[in-house]
Number of protein chains: 2
Amino acid sequence: MSPPGLRRMRADARRNYESLLATAHAMFSEHGTDASLEEIARRAGLGIGTLYRHFPTREALLEALLHDRMEGLAAEAGALLADPSPRAALWRWLTAFTERAFIYRGLPASVMATLRDETSELAACCHRLNTAGAALIRHAQDAGEIRADVAPADVMAMAGAIAWVGEQTPDDPERRSRLLTLLADGLTTGA
Amino acid sequence: MSPPGLRRMRADARRNYESLLATAHAMFSEHGTDASLEEIARRAGLGIGTLYRHFPTREALLEALLHDRMEGLAAEAGALLADPSPRAALWRWLTAFTERAFIYRGLPASVMATLRDETSELAACCHRLNTAGAALIRHAQDAGEIRADVAPADVMAMAGAIAWVGEQTPDDPERRSRLLTLLADGLTTGA
DNA sequence: ACCTGAACACCGTTCAAGT
DNA sequence: ACCTGAACACCGTTCAAGT
């Protein structure tokens, strides 16, 4: 929510910036990641050019909306490294991850698509989150609490997949946690 | 590939129908489910109206392309019910499912989206496939070869999620099978 | 320094006119 | 019976003109 030079923006520019973020959040929440940028600008009462000036790409807009949330999750993973029960800590974190990382419909696909582009700030953000999660998984493996013959990246991929499914079928809000349990069981076998 | 009234079509209409299907397959393969319908018609050398006449919606086009493939997978599931080793048969089928059910990028999401619409032919097709898979899972459960406390629908959802992940990261073609193994392990715990 | 909106290229979808 | 493409409404993106 607070890019480096935000304070130095002209007052009206700052107001517009915040207004665009709020409107974009509402639109993405309602229509998913593909929501119309023109309508976001329209609903914010601004010209489309203003939106592009602040957010040169749809991805930049998403990044601004997700940055704090993702960094927060990454920080939580770091903090949980100190937890006395690595396995329980991992489950707590994976639950938070699947519930809070992908708040807009179509987000996993968007993220995956931009993940190849090394220059993208959103990709860098995702990468940090992914690394933080992988470290937590590795930690539980080192503690001997989950099997060590599974790549942490694969576990993260699986968690992402579960988040994706949960998002596709909002009619069954319990599904996510059931699938996560299934993953947990797979990771405990032969620990 | 062969809707009921195909033989009764005028020769040119039939040619156009086939040409649209072939071109659409190429375009969807290259650009995913969101490929431009106008360009499909253009590349097939036909007016956009002709495409709409044969396929009133993008979903109808997808359905025509996927019908045989999905019915085939459903039939295989049915046949595998007779397999002497229910667990191995299930794994064979789930592997085929994750490899062959979602051939275009964006297909899982498209399918999920249309799955709510009861009137859609594509949705009906998916529903049959899902039911066939669920039956195979139930069968392995009844034989006591995988745990019985997991809903077959959840296993299918997980398989779909794995297919989705595999499709997103084509750089790691082995990931799909590794994740499937992880699912298998989760299903074997406490069988 | 920032905002605006017209301009351009594109797409989805429909439908009157053709053969 | 089938095909065509113009017409309409929409969107993404850029940029010259404004304040």
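Not measured: the values here are computed from a predicted model. Throughout, a chain's letter reflects where its sequence line sits, starting with A, and its residues are numbered from 1.
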What donor-acceptor contacts under 3.5 angstrom involve side-chain atoms of residues 124-135 of chain A, with partners at least two apart or in another chain?
{"residue": "Arg128(A)", "atom": "NE", "partner": "Glu71(A)", "partner atom": "OE2", "Å": "2.9"}
{"residue": "Arg128(A)", "atom": "NH2", "partner": "Glu71(A)", "partner atom": "OE2", "Å": "2.7"}
{"residue": "Thr131(A)", "atom": "OG1", "partner": "His127(A)", "partner atom": "O", "Å": "2.8"}

message: Show every ring pair (Phe, Tyr, Trp, His ring centres under 6.0 Å) that has at least one partner inside residues 141-166 of chain B, sequence neighbours left out.
response: Trp164(A)-Trp164(B)
Listed once per pair and sorted, the ring pair (Phe, Tyr, Trp, His ring centres under 6.0 Å) pairs that draw on residues 30-55 of chain A, sequence neighbours left out: Tyr17(A)-His54(A), Tyr17(A)-Phe55(A)
Taking [atom1] from [X] and [atom2] from [N], how many angstroms apart are they, rounded to a whole number?
X	N	atom1	atom2	result
Leu20(B)	dC2(D)	CG	P	14 Å
Arg53(A)	dC2(C)	CZ	P	5 Å
Ile40(A)	dC11(D)	CD1	C1'	12 Å
Tyr17(B)	dA1(D)	OH	C1'	17 Å

- line: Its dot-bracket string being built from Watson-Crick and G-U pairs below 3.5 Å, with | for another strand and [ ] for crossing, DNA chain D has the pattern ||.|||||...|||||.||
Has [X] got a side-chain N or O lying under 4.0 Å from the OP1 or OP2 atom of [N]?
X	N	answer
Arg14(B)	dC2(D)	no
Asn16(A)	dC2(C)	no
His54(B)	dC3(D)	yes

- prompt: What is the ring orientation for Phe102(B) with Phe97(B), classed by angle as parallel under 30°, tilted 30 to 60°, or perpendicular over 60°?
  reply: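 Judged by the thresholds at 30° and 60°, the geometry between Phe102(B) and Phe97(B) is perpendicular.
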Mind listing the side-chain donor-acceptor pairs of residues 56-66 of chain A below 3.5 Å, one per line with the distance, residues two or more places apart or on another chain?
{"residue": "Thr57(A)", "atom": "OG1", "partner": "Glu59(A)", "partner atom": "N", "Å": "2.8"}
{"residue": "Thr57(A)", "atom": "OG1", "partner": "Ala60(A)", "partner atom": "N", "Å": "3.3"}
{"residue": "Arg58(A)", "atom": "NE", "partner": "Thr33(A)", "partner atom": "O", "Å": "2.9"}
{"residue": "Arg58(A)", "atom": "NH2", "partner": "Asp34(A)", "partner atom": "O", "Å": "3.2"}
{"residue": "Arg58(A)", "atom": "NH2", "partner": "Ala35(A)", "partner atom": "O", "Å": "2.1"}
{"residue": "Glu59(A)", "atom": "OE2", "partner": "Ser120(A)", "partner atom": "OG", "Å": "2.6"}
{"residue": "Glu63(A)", "atom": "OE2", "partner": "His67(A)", "partner atom": "ND1", "Å": "3.0"}

query: At what distance, to the nearest 0.5 angstrom, does CG of Leu20(B) lie from CZ of Arg43(B)?
result: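 Going from CG on Leu20(B) over to CZ on Arg43(B), the span is 13.0 Å.
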field: side chain to side chain donor-acceptor pair (under 3.5 Å) partners of Glu121(A), counting only residues at least two apart
entry: none
task: Name all residues meeting the side chain to side chain donor-acceptor pair (under 3.5 Å) criterion together with Arg69(B); count only those two or more places apart in sequence or in a different chain, and write none if there are none.
output: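 Scan of Arg69(B) (side chain to side chain donor-acceptor pair (under 3.5 Å), adjacent residues dropped) gives none.
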field: Pairing residues for Asp154(B) by the salt bridge (Lys or Arg N to Asp or Glu O under 4.0 Å) criterion, not counting sequence neighbours
entry: Arg175(A), Arg178(A)
message: Strictly under 4.0 angstrom, non-hydrogen atoms only: write out the protein contact profile of nucleotides 12-19 of chain C, one letter per nucleotide from the 5' end, B, S or -.
response: BBB-----
- prompt: Which is true for Arg42(B) with a 4.0 Å heavy-atom rule: it touches a base, it touches only sugar-phosphate, or it touches nothing?
  reply: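 The answer is sugar-phosphate, as Arg42(B) gets under 4.0 Å only of primed atoms, P, OP1 or OP2.
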